Amino acid sequence: MGEKSADNLLASIDKSKSNSLSRLLAALNIPHVGVSTAAMLAQHYGSMDALLAADMTQLQEIEGIGPELAQSIRQFLNSEGGQRTVNELRSVGANMIEPKRRTTGPQPLAGKSIVVTGTMERFGRKEIQDLIVKLGGKAVGSVSSKTDYVVAGTDPGSKLAKAQSLGVEVIDEAEFCKRAGV
């Protein structure tokens with residue numbers, strides 16, 4: 001590796017230490033924890049220390065986190081490997097806090113838990129989930145009885161069937177845009 005490449009690599013590693021707690025949690029590869037769950041955990045707890053102190057019951061108080069997901073999180077954080085990884089990241093100066101998001105502008109989706117499934121015409125999956133969060137809602141990865149509604153695009157898969165079986169409202173992308181004011 002050349003000197004310039006090595007310098008770039010070291011600069012990238014140093015820069016990654018300042019990433020948000022939500023990005024760190026997503027990168028830990030905790031089973032069943034994706035980007036949206038990592039963001040919910042980081043926003044709810046605000047720090048790695050607070051998350052480490054949370055028990056199964058406290059984890060399940062977060063909308064979208066059920067017993068299976070809470071158990072997966074606790075198992076990882078209580079495991080020898082999980083503890084070693086967190087301690088090593090802490091020792092090299094990785095960011096372990098997440099500032100609370102400031103709410104600016106209208107929040108038409110405030111308090112709503114929304115699942116997105118299928119392919120959208122106007123938005124990519126990540127883009128629509130970011131929009132839901134920006135507008136005050138929670139972009140949840142799985143359908144439960146606590147889900148307010150499901151935005152279904154083409155080829156929606158099993159999430160649509162689960163929503164229908166639970167009686168959760170299903171809307172299309174156009175209706176979502178109307179409700180979100182976009």
Side-chain angles (χ1 to χ4, degrees), residues 19-47 50-51 54-77 98-182:
N19 282 341
S20 65
L21 176 61
S22 59
R23 288 196 60 184
L24 177 82
L25 291 172
L28 287 176
N29 204 23
I30 301 169
H32 311 294
V33 174
V35 173
S36 62
T37 302
M40 286 190 304
L41 289 168
Q43 275 299 300
H44 185 83
Y45 289 105
S47 74
L51 175 59
D55 63 23
M56 291 273 297
T57 304
Q58 292 166 326
L59 287 168
Q60 290 178 67
E61 290 172 358
I62 301 172
E63 194 166 335
I65 297 183
E68 184 178 326
L69 182 52
Q71 181 178 5
S72 179
I73 295 165
R74 282 287 10 122
Q75 280 180 338
F76 177 85
L77 295 175
E98 179 97 5
K100 293 286 182 190
R101 287 191 187 114
R102 292 188 182 144
T103 53
T104 57
Q107 300 286 294
L109 304 178
K112 302 287 185 194
S113 289
I114 304 166
V115 173
V116 179
T117 184
T119 304
M120 303 295 139
E121 290 180 23
R122 182 172 168 191
F123 298 103
R125 176 79 48 94
K126 173 90 171 91
E127 188 179 21
I128 197 168
Q129 289 172 334
D130 289 346
L131 180 61
I132 290 166
V133 172
K134 180 181 174 187
L135 297 176
K138 293 180 185 173
V140 183
S142 60
V143 179
S144 75
S145 59
K146 294 179 182 179
T147 304
D148 289 292
Y149 54 89
V150 172
V151 181
T154 57
D155 300 323
S158 63
K159 290 179 185 178
L160 175 62
K162 182 157 188 185
Q164 292 169 331
S165 72
L166 292 173
V168 173
E169 182 181 13
V170 178
I171 63 172
D172 63 12
E173 186 177 11
E175 179 62 20
F176 168 78
C177 291
K178 183 176 162 187
R179 292 183 187 189
V182 293

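What you see is a predicted model; the values in this text were computed from it and never measured.
- One N or O on the side chain of Ser72 and one on the backbone of Pro31 form a donor-acceptor pair closer than 3.5 Å.
- Scanning all heavy atoms of the two residues, the minimum distance from Ala163 to Val170 falls at CB-CG2, 3.9 Å.
- Summarising the local packing, CD of Glu169 is surrounded by more than 12 heavy atoms from other residues, nucleotides or ligands at distances under 6.0 Å.
- A pairwise comparison of heavy atoms in Tyr45 and Ala50 identifies O-CB, 3.5 Å as the closest pair.
- Here the closest non-hydrogen pair linking Ala38 and Ser22 is CB-O, 3.4 Å.
- Expressed to the nearest 0.5 Å, how far CG of Asp130 lies from CZ of Arg125 amounts to 12.5 Å.
- Counting non-hydrogen atoms of neighbouring residues, nucleotides and ligands closer than 6.0 angstrom, the NZ atom of Lys159 exceeds 12 such neighbours.
- For the pair Leu59/Leu51, a side-chain contact is recorded, criterion being any heavy-atom separation below 4.5 Å from C-beta on.
- Between Ser145 and Leu166, the closest heavy-atom pair is N-CD1, 3.9 Å.
- Contact check for Ile132 versus Val116: side-chain heavy atoms found under the 4.5 Å cut-off.
- The main-chain N or O of Ser113 is found under 3.5 Å from a side-chain atom of Asp148 such that the two form a donor-acceptor pair.
- The number of heavy-atom neighbours closer than 6.0 Å to CZ of Arg179, taken from other residues, nucleotides and ligands shown, is above 12.
- Asp55 CG: more than 12 foreign heavy atoms inside a 6.0 Å radius.
- A side-chain donor-acceptor contact under 3.5 Å links Arg74 to the backbone of Ala54.
- By the 4.5 Å heavy-atom criterion applied to side chains, Thr37 and Ile62 are not counted as neighbours.
- Geometrically, Arg122 does not engage Phe176 in a cation-pi contact defined by less than 6.0 Å to the ring centre and at most 45° from the axis.
- The distance from the CD atom of Glu98 to the CZ atom of Arg23 is 11.0 Å, given to the nearest 0.5 Å.
- Considering all non-hydrogen atoms of both residues, Gln107 and Gly136 come closest at OE1-CA, 3.0 Å.
- Scanning both residues, Ala42 and Leu25, for their nearest heavy atoms gives N-CD1, 4.1 Å.
- Summarising the geometry, atom CD1 belonging to Ile73 is positioned 9.5 Å from atom CD belonging to Gln60; distances are rounded to the nearest 0.5 Å.
- One distance of note links CD of Glu173 with CD1 of Ile128; it measures 5.5 Å at 0.5 Å rounding.
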*Determine, stepwise, if the pair Ile65 / Leu41 fulfils side chain to side chain contact (heavy atoms under 4.5 Å, CB included).*
CA-CA 9 Å; Ile65 297 183; Leu41 289 168; 3.6 Å; yes

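- Distance CG/Asp172 to CE/Met120: 9.0 Å, rounded to 0.5 Å.
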